[in-house]
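Lettering follows sequence order; numbering is per chain, from 1. Hydrogens, waters and symmetry mates are skipped; everything else that's a heavy atom, side chains included, is used.
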Protein chains: 2
Amino acid sequence: MSLLDKDGITESEFLEQYRPGDYERPSVTTDMVIFTVTEEEADSYRKLPEKELRVLLIRRGGHPFLGKWALPGGFVRPDETTDQAAVRELREETGVGEVYLEQLYTFSDIGRDPRTWVISCSYMALINSDKLELKSGDDASEAAWFKVSYRPLQEQKELIEDGYIKTRKYELELNGEEKLSAIVSRTTTVKTTSTATEYEIVSNDGLAFDHAKIIAYAIERLRGKVNYTDIALHLMPKYFTLTELQQVYEVVLDKELLKAAFRRKVADLVEETDLYTENAGHRPSRLYQRHLED
Amino acid sequence: MSLLDKDGITESEFLEQYRPGDYERPSVTTDMVIFTVTEEEADSYRKLPEKELRVLLIRRGGHPFLGKWALPGGFVRPDETTDQAAVRELREETGVGEVYLEQLYTFSDIGRDPRTWVISCSYMALINSDKLELKSGDDASEAAWFKVSYRPLQEQKELIEDGYIKTRKYELELNGEEKLSAIVSRTTTVKTTSTATEYEIVSNDGLAFDHAKIIAYAIERLRGKVNYTDIALHLMPKYFTLTELQQVYEVVLDKELLKAAFRRKVADLVEETDLYTENAGHRPSRLYQRHLED
DNA sequence: GCAATAGTGTCTATCAGACAATATACC
DNA sequence: GGTATATTGTCTGATAGACACTATTGC
């Protein structure tokens, strides 16, 4: 247990006398992509309300990017993990604690923060509309929910020496107090022995830092996971109808789904209750809850 | 474009006079889980060689963890992204450049490095056995390939207030110059409104830092992606038989597969060539290469 | 009764698991 | 010829897409 190194020093002696070198160190932040689903009023008393996917943004009150909208986030402290920093940020911004939280990706582009060297470890959180009431307008900082739209714009494929490069551009639109938009490209370089994917911000109107890229990445992760996990259930209130669940899937995937197939697919993810909707102007619907087993 | 903040300062003035605060900053490193597949000699001239999944480790020549085995890695420099640092590390350790590289996860547990506050952004690289010749024993540092085994040991499920906690323990064994082993647990806490997964090192014999956890995470990612992407093809040489490809899938998944079903499944991932194996002691096999389109 | 949604049935094409049958070099 | 692998065929059950049909409430 007390091996000596080439200077004849034990590990505990080494740690005792260890002084961090003069290497330059980055600041590390967490940035949170917090999603929720809200309901829009319907035209007719009979129609169901429309669902919308929303993300929480905060207007920057100081330089840099003064007045632009940014993801909630902040510096990671020496006594906490990035996970803990994310939980802390989430609680500060929304007041909620127990929600779905997942590390997304660590962004480290040079110059992504004009002030200094900052690496961001990004997270995605899913909040159900029940909890949503708790927050909003709690402290001075201006926070707002923006409706998310993320659609493919264009696709290019270029053949190269030993493979090809495929570039797909997406339009990210965020509608809230203001209308923000950005174009993000995803470039996949496929060669015989390698495959690499890169995200780039092509244009950007109203979002701070590289946050358009982070939001795009989060949406892609969310869309991917919705298909093969029960992740979308974290966007639902305690009780919900299958039609509401389907609407959430549809608004996340930006795609219409077939009712029968959808119900088969989610059958194992939900649990029947004996509750029903009432006064809907049409046939009542059974309420379900998330199925926890397995 | 030149908004003034509450002190009446423009963004460029702000950046001009910006001085990083006295916040403590972490060191950021990249750690690389570099996988390859090698062939073991067969008993009989007729039998095919057995494939093995291997990972590259480096014996630590100084404190802390002197003499233990660690993942290749190093500090991220101020003029590079974590991706670039990973590529640099990979080249330094193996001499190869164009390989599959994917960011895995950012580990930030308190005390994961006994010296100081270090956050590690981990990457997985896949190298094919062709390229493998290039490296090994190039510089003074002792690097070696270890055969990987990662098997479920035990599963527990505990019911709690509003959900359950499922703990699965895995045994990680690494066989190379020495025999290293660790037990890593994956704990999933499922409650009505949240789901969280956590990895923990239960025991650890011979691996430095929290690298057992990183390797476990990498294997799980690799196993997951093998099923629905062409990622495994990055472990293959330029030309290969379908049986060899199947063996790679089997050694990665630690599971036998049915031949007919396997061939149907990978049909679109590979491209026929007119080449065949020779002198095999049995019927020759057609050689395939990675199919690049789509 | 009618509008609007809830919920179920079923046909078909596709695909994975399972197993079998046939094919072919090389010693 | 015999061994060990290569390659294809096919049966079956499960599943997704597509569409249609029936059910039920509140006004």
Side-chain angles (χ1 to χ4, degrees), chain A residues 39-51 224 226-230 232 236 239-251 253 255-289 294, chain B residues 39-51 226-230 232 236 239-251 253 255-289:
Chain A
E39 303 201 333
E40 268 305 280
E41 280 312 306
D43 327 330
S44 137
Y45 76 98
R46 271 186 164 151
K47 287 222 174 137
L48 289 178
E50 286 238 325
K51 296 242 187 289
V226 154
N227 288 312
Y228 66 97
T229 70
D230 71 343
M236 306 307 294
Y239 299 112
F240 52 86
T241 68
L242 292 185
T243 302
E244 284 169 342
L245 183 59
Q246 181 172 348
Q247 288 172 335
V248 169
Y249 272 70
E250 288 176 341
V251 80
L253 295 171
K255 188 170 87 175
E256 306 239 312
L257 302 175
L258 290 167
K259 188 160 45 171
F262 175 78
R263 282 163 181 251
R264 274 189 309 234
K265 192 168 151 170
V266 299
D268 291 338
L269 308 179
V270 298
E271 202 176 288
E272 243 180 49
T273 72
D274 290 331
L275 306 171
Y276 288 84
T277 56
E278 279 175 352
N279 302 322
H282 49 75
R283 174 173 171 178
S285 179
R286 187 187 279 277
L287 292 171
Y288 290 77
Q289 59 189 20
D294 274 61
Chain B
E39 304 202 333
E40 270 303 282
E41 279 313 304
D43 328 330
S44 139
Y45 76 97
R46 272 186 164 152
K47 288 222 174 135
L48 289 179
E50 285 237 328
K51 296 240 188 288
V226 154
N227 287 314
Y228 67 96
T229 70
D230 71 343
M236 306 307 293
Y239 299 113
F240 52 86
T241 68
L242 291 185
T243 302
E244 284 170 342
L245 183 59
Q246 182 171 348
Q247 288 173 334
V248 169
Y249 272 71
E250 289 177 340
V251 81
L253 295 172
K255 189 170 86 175
E256 306 239 312
L257 302 174
L258 289 168
K259 193 156 42 172
F262 176 78
R263 282 164 181 250
R264 275 190 306 236
K265 191 169 153 171
V266 299
D268 292 338
L269 309 180
V270 297
E271 202 175 288
E272 242 179 49
T273 72
D274 291 330
L275 306 171
Y276 287 84
T277 56
E278 279 175 352
N279 303 323
H282 49 77
R283 174 172 171 179
S285 178
R286 188 187 278 275
L287 292 172
Y288 289 78
Q289 59 190 17

Peer 1: Between atom CD in B/E250 and atom C1' in D/dT5, what is the gap in whole Å?
Peer 2: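 Distance check: B/E250 CD to D/dT5 C1' gives 14 Å.
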Peer 1: To the nearest angstrom, how far is B/E50 atom CD from D/dT5 atom P?
Peer 2: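 Atom CD in B/E50 sits about 11 Å away from atom P in D/dT5.
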Peer 1: Would you mind reading off the distance between B/L245 atom CG and D/dT7 atom P, rounded to a whole angstrom?
Peer 2: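 It works out to 13 Å between those atoms.
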Peer 1: If you pin A/H282 and B/E244 to their nearest nucleotides in DNA chain D, which one's is more 5'?
Peer 2: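 The residue closer to the strand's 5' end, by nearest nucleotide, is B/E244.
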Peer 1: To the nearest Å, give me how far apart OH (A/Y276) and P (C/dA6) are.
Peer 2: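 For the pair A/Y276 OH and C/dA6 P, the rounded distance is 13 Å.
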Peer 1: Please report the closest heavy-atom contact between B/V270 and B/Y288, naming both atoms and the distance.
Peer 2: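 Scanning both residues completely, I find the closest heavy atoms to be CG2-CD2, 3.6 Å.
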Peer 1: Taking the side chain of A/N279 as heavy atoms from C-beta outward, which of D/dG26, C/dT24, C/dA6 is closest to it?
Peer 2: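 Nearest to the side chain of A/N279 among the choices is D/dG26.
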Peer 1: Parallel, tilted or perpendicular: which one describes the rings of B/Y228 and A/Y228, with boundaries at 30° and 60°?
Peer 2: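 If you compare the ring of B/Y228 with that of A/Y228, the planes turn out tilted.
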Peer 1: Residues in side-chain contact (heavy atoms from CB on, under 4.5 Å) with A/S285, at least two apart?
Peer 2: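 Checked A/S285 against side-chain contact (heavy atoms from CB on, under 4.5 Å); matches are A/T241, A/T277.
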Peer 1: Working note: B/V248 + B/V226, criterion side chain to side chain contact (heavy atoms under 4.5 Å, CB included); need CA distance, chi angles, decisive distance, verdict.
Peer 2: CA-CA 10 Å; B/V248 169; B/V226 154; over 6 Å; no
Peer 1: If I compare all heavy atoms of A/P49 with all of A/E39, which pair ends up nearest, and what's the gap?
Peer 2: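 In this case the closest contact between A/P49 and A/E39 is CG-OE1, 3.3 Å.
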Peer 1: Roughly how far apart are B/Q246 CD and B/L257 CG, rounded to 0.5 Å?
Peer 2: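 Going from the CD atom of B/Q246 to the CG atom of B/L257 covers 5.5 Å.
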Peer 1: Between A/T243 and C/dT5, is there a contact of a side-chain N or O with OP1 or OP2 at under 4.0 Å?
Peer 2: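 No, outside the criterion.
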Peer 1: Rounded to whole Å, please give me the gap between CD in A/E272 and C1' in C/dA6.
Peer 2: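 For the pair A/E272 CD and C/dA6 C1', the rounded distance is 13 Å.
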Peer 1: Just how far, in rounded Å, is C1' of C/dA16 from OH of B/Y249?
Peer 2: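 It is 15 Å, rounded to the nearest whole Å.
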Peer 1: In residues 258-268 of chain B, what residues come within less than 4.0 Å of DNA chain D, judged by heavy atoms?
Peer 2: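 Contacts with DNA chain D under 4.0 Å: B/K259, B/A260, B/R263, B/R264.
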Peer 1: Hey, could you give me each pair passing salt bridge (charged side-chain N to carboxylate O under 4.0 Å, His left out) that has a residue in residues 256-268 of chain A? Not counting sequence neighbours.
Peer 2: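 As it turns out, there is no salt bridge (charged side-chain N to carboxylate O under 4.0 Å, His left out) pair with a partner in residues 256-268 of chain A once direct neighbours are skipped.
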Peer 1: Looking only at N and O atoms, is any donor in the side chain of B/R283 or the base of C/dA25 less than 3.5 Å from an acceptor on the other one?
Peer 2: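 No.
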Peer 1: B/R286 has an atom CZ; how far is it from atom C1' of C/dA23, in whole Å?
Peer 2: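 Answer to the nearest Å: 14 Å.
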Peer 1: Whole-Å distance between D/dT5 P and B/Q246 CD?
Peer 2: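 Taking CD of B/Q246 and P of D/dT5, I get 12 Å after rounding.
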